[in-house]
Undergrad: 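This is the structure I have questions about; it appears just below.
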Amino acid sequence: MEKIKIGKIVNAVALKGEVKVYNYSDGAKRYRDVGRVIAGGKEYPVEGVRTQGNMVILKLRGVDDRNAAEAMKNLDVYITEDDLGELPEDTFYIRDLIGLKVINAETGKEAGEIVDVIQGAAQDVYRIRLSDKGCGPEESGGKGSRETMVPAVSEFVKDVNLEEKRVYIKFIEGML
């Protein structure tokens, strides 16, 4: 069973064993819905969840004092693949997007591949490593750029096909 990293424990909180988690997921809701996490190779039922700014504070069963919480500092927090829920239409897990081939929606040529998804306040942004195939000097303005950023909005992202492992993007001047 594959484990999915959803956060990292960055500190202990107070005296009763709570841990502060830098969250890579969709907020405190994920921890409430799943009800358990894996950290340091051990599974912990989640007894309590709250937020503090943009951090998630967890109370894990068996972590009952500050010393136990501090011992967990710098551990990654995981859930299992079975814990991933169904997503709404046109919504994708980042792990499914990374590695997809990017196709120029207007030319049909391969333009590169998604290497990262940066989550922003307004929308996600795809970081794309450009290939030489579809982004030669004539298409990149002769600048020889190797990466570009594309906002993950319908104006640019025309289709995501996970079965074909392709995403079709309409590039505008300056993106290539």
Side-chain angles (χ1 to χ4, degrees), residues 1-102 112-130 145-157 160 162 165 167 169 175:
M1 176 95 25
E2 186 177 350
K3 294 188 300 184
I4 313 299
K5 188 187 312 186
I6 62 168
K8 182 177 187 118
I9 298 172
V10 295
N11 215 341
V13 177
L15 302 174
K16 296 183 181 179
E18 291 179 310
V19 294
K20 184 182 287 190
V21 177
Y22 181 78
N23 185 41
Y24 305 147
S25 186
D26 56 354
K29 182 181 181 331
R30 166 81 62 202
Y31 300 91
R32 283 188 196 99
D33 290 349
V34 172
R36 62 188 169 87
V37 296
I38 300 165
K42 183 176 175 189
E43 186 175 302
Y44 294 91
V46 175
E47 293 182 340
V49 180
R50 61 187 175 93
T51 58
Q52 185 179 64
N54 60 351
M55 303 295 258
V56 175
I57 309 299
L58 297 179
K59 174 61 179 100
L60 305 174
R61 183 174 299 148
V63 182
D64 296 320
D65 60 36
R66 185 169 184 91
N67 290 338
E70 284 179 347
M72 298 184 77
K73 189 174 178 177
N74 295 319
L75 292 179
D76 290 323
V77 178
Y78 298 89
I79 59 174
T80 66
E81 198 169 20
D82 289 342
D83 294 328
L84 294 175
E86 287 294 315
L87 292 174
E89 189 174 331
D90 292 330
T91 305
F92 307 94
Y93 288 112
I94 291 173
R95 71 189 196 109
D96 294 335
L97 294 171
I98 294 177
L100 291 184
K101 295 294 179 201
V102 174
E113 78 174 67
I114 296 177
V115 293
D116 196 9
V117 177
I118 301 162
Q119 294 183 294
Q123 75 273 331
D124 292 349
V125 176
Y126 297 163
R127 186 165 62 97
I128 299 168
R129 181 176 301 122
L130 300 174
S145 43
R146 301 301 306 144
E147 288 190 351
T148 191
M149 305 285 222
V150 175
V153 295
S154 61
E155 180 180 345
F156 304 118
V157 180
V160 176
L162 295 178
K165 298 186 187 285
V167 58
I169 294 181
M175 282 185 179

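Note: hydrogens, waters and symmetry copies are ignored here, and every other heavy atom, side chains too, is used.
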Undergrad: Pick one: which of K101, K165, R146 meets salt bridge (charged side-chain N to carboxylate O under 4.0 Å, His left out) with E113?
TA: K101
Undergrad: For residues V56 and N23, report the shortest heavy-atom separation together with the two atoms involved.
TA: CG2-CB, 4.0 Å
Undergrad: Could you tell me whether the side chain of D96 reaches within less than 4.5 Å of the side chain of V160, counting heavy atoms only?
TA: no
Undergrad: Any side-chain heavy atom of V34 sitting closer than 4.5 Å to one from V46?
TA: no
Undergrad: Of the non-hydrogen atoms in I79 and R30, which two are nearest, and what is the gap between them?
TA: CD1-CD, 3.8 Å
Undergrad: Partners of Y93 by ring pair (Phe, Tyr, Trp, His ring centres under 6.0 Å), sequence neighbours excluded?
TA: none
Undergrad: Tell me, please, which residues at least two apart from E43 pass side-chain hydrogen bond (donor to acceptor under 3.5 Å, both in side chains).
TA: R36
Undergrad: If I compare all heavy atoms of I9 with all of A39, which pair ends up nearest, and what's the gap?
TA: CD1-CB, 4.4 Å
Undergrad: Could you list all the salt bridge (Lys or Arg N to Asp or Glu O under 4.0 Å) pairs where at least one residue sits in residues 11-23, not counting sequence neighbours?
TA: E18-R50
Undergrad: Only counting residues at least two apart or in another chain, list the ones meeting side-chain hydrogen bond (donor to acceptor under 3.5 Å, both in side chains) with Y126.
TA: none
Undergrad: State, to 0.1 Å, how close A28 and T51 come at their nearest heavy-atom pair, and which atoms those are.
TA: CB-CG2, 3.7 Å
Undergrad: Got a sec, which residues hit ring pair (Phe, Tyr, Trp, His ring centres under 6.0 Å) with Y22, two or more places apart in sequence or on another chain?
TA: Y24
Undergrad: Determine whether a donor-acceptor pair (N or O, by modelled atom type, separation under 3.5 Å) exists between the side chain of D83 and the backbone of T80.
TA: yes
Undergrad: Going by atom type alone, with no hydrogens or angles, which donor-acceptor pairs under 3.5 Å involve a side-chain atom of residues 62-69 and a protein atom two or more places apart or on another chain?
TA:
{"residue": "D64", "atom": "OD1", "partner": "K59", "partner atom": "NZ", "Å": "3.1"}
{"residue": "D65", "atom": "OD1", "partner": "N67", "partner atom": "N", "Å": "3.1"}
{"residue": "D65", "atom": "OD1", "partner": "A68", "partner atom": "N", "Å": "2.8"}
{"residue": "R66", "atom": "NE", "partner": "E70", "partner atom": "OE2", "Å": "2.9"}
{"residue": "R66", "atom": "NH1", "partner": "A14", "partner atom": "O", "Å": "2.8"}

